[in-house]
Structure formats: structure tokens, C-alpha cells
There are 2 protein chains.
Amino acid sequence: MSSVPIPITSHGLQVACSACNLRELCMPVGLSDQEIERVDELVGARRKVARGMPLYLAGEPFQSLFAIRTGFFKTEVVSEDGREQVTGFQMAGELMGLDGIGTGQHNCDARALEDSEVCVIPFNRLSELSREIDTLQHHFHKVMSREIVRDQSVMMLLGTMRAEERLAAFLVNLSQRFVSRGYSATEFNLRMTREEIGSYLGLKLETVSRGLSRLQDEGLLSVSNKNIRIHKLDDLKKAMSPRC
Amino acid sequence: MSSVPIPITSHGLQVACSACNLRELCMPVGLSDQEIERVDELVGARRKVARGMPLYLAGEPFQSLFAIRTGFFKTEVVSEDGREQVTGFQMAGELMGLDGIGTGQHNCDARALEDSEVCVIPFNRLSELSREIDTLQHHFHKVMSREIVRDQSVMMLLGTMRAEERLAAFLVNLSQRFVSRGYSATEFNLRMTREEIGSYLGLKLETVSRGLSRLQDEGLLSVSNKNIRIHKLDDLKKAMSPRC
DNA sequence: GCTCATTATTGACGTCGATCAATGCGCGGT
DNA sequence: ACCGCGCATTGATCGACGTCAATAATGAGC
């Protein structure tokens, strides 16, 4: 397989939104059959992105949103003076690209952390359709709003939490998102490096490593490289709060 | 005047959106006269909020967005364990409440830092109207997207910058926003306390105070309590980057 | 105009996380 | 299957920011 991301045009073999098992995650519920058909047409293409490759880069013209079908991504902002900040990790069913609407250009890099596949959602078609289907419009507004709320909770994390608290919060968040996708809450593989975790949490990679070792020493979990086994999820949640 | 925020119903004396001097800031350009008339009807009421009083509180049902006509606000998230994080400072022409759309409840407190007045924009009416006027729809999407981008740049600040860099970035940002409202870029009054600045920047109030003193010692600006006079705006911008 | 609580400044000291460094290991790629 | 580099772990030291504390200045409210 080529390592260059190539747009794949729609073909019969692909799963339509109406039959997609991620439907509850990225599409509104309560659409009529007729409306669902129109949403099916909205998703024009699929696109595979190999591990390490960008889905889009900051500065590229914004045209589409992307819904993750399979795989795992990170989004990353690079400032003028070269500082890098991972702004999020995205998994199946989540939407990427919302930050490009405002300026017409993508504001961050989106890069696959494992071989992935996304649905391409042309934004102007989404706009048109959401003018006609108010359930879709409202759903889209909710998704954007939730992204704002998510960002605010990251601000809270970065602004007020200690290193170990940030790590606990990060792992609990991952755990919950895996659960809602039908995976184990207590065992999963990290797709990102310690450095990427550190960038997201405002820490250096050594601090991330030390923090994980510490949580292991405390018996809350086991770490073996990228594999995480949470033994005491409740205590891990408590570790998000001060002095525990 | 009562110190309790009371909804004020619309009356003839009020400035319509079509005649509002903040129009370029909160409304789309390029509407037809007819469309502008309909937008005028969208803003049902004005509301005065006295200094220190909440415009809304986290947990309250979300029904409307608010556009600031005059005054100054802060938004603040309080976590379950009692931690407080100022997520932003808002001034005239800026929109508040977007974070409430996702859950139907406000996600943060919005509090006036000085006596203020806002336009109340019922969200369901905005939704309806934006289904009919696509310029309005697109403008609204842009505003939400820009909020996401703004939050991401705060994440960058909190995740990668040193105390003095954060302060410089904060002041430069304020400066730019004052300029675009026709005020001086180099002299303005802070409406918030050192503690509120600290909460926003992920610092303690003493560190904020020390940082301001340091920028003053370096000759970049003068501080006298809430009054800021920037002497070397260019150098202040440079102070946002490392090793300067 | 006065008063007092709030806000701001500054100093001394402690601590958490960054930095520098060395070693080991795992896994992706051929 | 093997190779080699990227990734992870751990230790020692340093420094930036937090904490604690004392004082000063401001301005909001009476």
C-alpha cells in the first residue's frame, strides 16, 4: 500500500452512514428514512491515511470535515516561534476539522497515529443539508459546542492540575471513550508516544514516564510500554483530585 | 439601579442591530436590507448586568446566546473538586454562551467585571433564521469555529509558555482587541484582578504581579494597578517568544 | 470624605517538574 | 528474522514558580 494518503472515491462496497456502526456517535438520531438517505449522499468519499501521515496540515484550504471510521489521530498546533502543542487525540466516530471553518484554512495538523480511515464530509454540502434538516443542524451545533467544552476542560487541566493528576485525568478520559465504543475500560493500548502525551498535558516526556511509573507503584495500574491495564479505576478517578 | 440582573424588554430607544456600531463584530456583512430587518427582530431583549453579577451560571438551562454591547465579562469553569479556571475575558461585540448548546445547560459562569449590557439572542430563533439566511448560518459557524481556535491558542499558551511569556501574550492580545474597537493599543485599564489573570494564565497572583513588575523593569511598559501603558509593543510581542 | 476590606507588591524559602545524561528495550521496516 | 533507531525508563541536579508572610495602596460603600 502507498504511504501517501490518496482520496478514495465512493464505491458500492462501502458502508453507508445509515448502516454504519458508528452512526450514533457522529450522526443525529431521530432522522426519518428519507433524511438518512440524504445524509448518506453527504459523505462523498472515504480516505485512508497511513500511520504517521497527515490528514491535513495547518494552512491548507478548508473544504471538508472528517469523521473517523477506524484508527486514531492527533491534532497539533505549531506556533510561529516553533512551539508544538498537541490539542487532542481523536478516535473512531469523532469529527475533525472544525477549527478550519472560521478562517477557511486548517488551523492545525491532523496526523494518523495508526493506519486509519475517515469519511470526507464536504462542508458546503453539510451546510446546505443542515439548512433543510433541522435535526442535522442542531446536531452539528451540538458537536461544535461540545468541542468548545472539551477544550475548556483541557484548559482547566493545564491551568490547575499537577502532573500526576493530569495523567490520571488523561487515562480516565481515554478509558471512558473506549468504553463508549465497546472496548474495555480497563485495558487498552496507547497509540501515542510519551512525548505526545506530554505535549498534550503540558509536561515533558520524562515527567509522563515518571508519573506512569508512580501510578503503577501505587498499584492503580500496570504499564508496559503502550499497554495500560487499570486495576483501580475508582482510585484513578480520585487521583485526578488534589492530595490523594 | 438594582444590582440584580433583570431582563429588560425591547423598547424603541434601543439601537437596532442594523444601526449598531458593533455590527461588524457580531453580525455578518453582506446581508440585504430585508435580511438585516429580520436579524433586528432576532435580538429580543437587552439585559443589564451590574459589576460582579452573573449573566448566567453553570448548570442553568441554555436558551440564549449573549452579545456584549458594553462592558466586560469573564467566563469561569468550576470543576467538581472545586478548582476554578477562568476560560476567557469577553468585551464588546463578542458572543457568550456557545458552550451551552451541546448539553442544553450552561457549562460555565459568566460574570460582569464592570457594569455591562448584553443583547439576548434566543438560540432557537437564531437556528431558524440561519436556516433561511445562509450568510447568517455561515457567519455563526465561523464564530463557533473561531472560539475553538481561540481555545486552542490558550492551550498552547498554558502548555508551552513560561510565566512572563504568558503575560506578554495576554497583554498583546488585549491590546489588539482594544485596537479593533477603536481604543488605544498602548494604554488601557485591566478590568480583572491579578488573581483572575493568574487563573486564566495558569499562574498564581504573585507570579502575575512579579511578571508585570519585571516587564516594567525591562522598560516594556508601565503598570499602575489596573492601568497599563505599553511603551514598546514590538518588544512585548518578542517577549512572547523564548529567551528574550 | 472616611473607613475597611479587597487588591497588589515584595521577600524568603520550598517544591515540583524541567533539564541533562546514561542505559535498555521494543518494534517497525527491510 | 534481524537490525537499528526511536522510544521509554530512571537518576541527579537545577531553576521557575508556588507558598507563606508581611506590608502597602486602592477604591468601593457608607
Between CD1 on residue B:Ile228 and OG1 on residue B:Thr186, distance to nearest 0.5 Å:
11.5 Å

Are side-chain heavy atoms of A:Arg166 and A:Leu158 found at a separation under 4.5 Å?
yes

Specify the separation, in whole Å, of atom [atom1] of [X] and atom [atom2] of [N].
X: B:Glu206; N: D:dA21; atom1: CD; atom2: C1'; result: 10 Å
X: A:Arg162; N: C:dA18; atom1: CZ; atom2: C1'; result: 15 Å
X: A:Arg166; N: C:dA18; atom1: CZ; atom2: C1'; result: 13 Å
X: A:Glu195; N: D:dT9; atom1: CD; atom2: P; result: 14 Å
X: B:Glu196; N: C:dT7; atom1: CD; atom2: P; result: 8 Å
X: A:Leu205; N: C:dA21; atom1: CG; atom2: P; result: 15 Å
X: B:Met192; N: D:dT26; atom1: CE; atom2: P; result: 20 Å
X: B:Lys204; N: C:dA8; atom1: NZ; atom2: P; result: 15 Å

A:Glu165 and B:Arg83: CA distance, side-chain angles, deciding distance, salt bridge (charged side-chain N to carboxylate O under 4.0 Å, His left out) verdict:
CA-CA 13 Å; A:Glu165 293 164 7; B:Arg83 276 189 265 238; 2.8 Å; yes

May I ask you to evaluate whether [X] reaches the phosphate of [N], defined as a side-chain N or O under 4.0 Å from OP1 or OP2?
X: B:Ser209; N: C:dA8; answer: no
X: A:Thr193; N: D:dG6; answer: no
X: A:Arg194; N: D:dT9; answer: yes
X: B:Lys226; N: C:dT7; answer: no

Are there more than 12 heavy atoms of other residues, nucleotides or ligands under 6.0 Å from atom CZ of B:Arg181?
yes

In terms of side-chain heavy atoms of [X], which of [options] is nearest?
X: A:Ser213; options: D:dG18, D:dA28, D:dT9; value: D:dT9
X: A:Arg210; options: C:dT10, D:dA16, D:dT10; value: D:dT10
X: A:Leu203; options: C:dG17, D:dC17, C:dT7; value: C:dG17

Using the six-membered ring wherever Trp is involved, compare the ring planes of A:Tyr56 and A:Phe66 and label them parallel, tilted or perpendicular (cut-offs 30° and 60°).
parallel

For the helix from C:dG1-D:dC30 to C:dT30-D:dA1, figure out the bend between the end axes, five pairs an end, and round to 10 degrees.
70°

Judged by atom type as modelled, is there a donor-acceptor pair below 3.5 Å linking the side chain of B:Gln105 to the main-chain atoms of B:Ala58?
no

Any donor and acceptor pair, going by atom type alone, linking the side chain of A:Arg191 with main-chain N or O of A:Asn189 inside 3.5 Å?
yes

Classify the nucleic acid contact of B:Gly202 as base, sugar-phosphate or nothing, counting any heavy atom under 4.0 Å across all strands shown.
sugar-phosphate

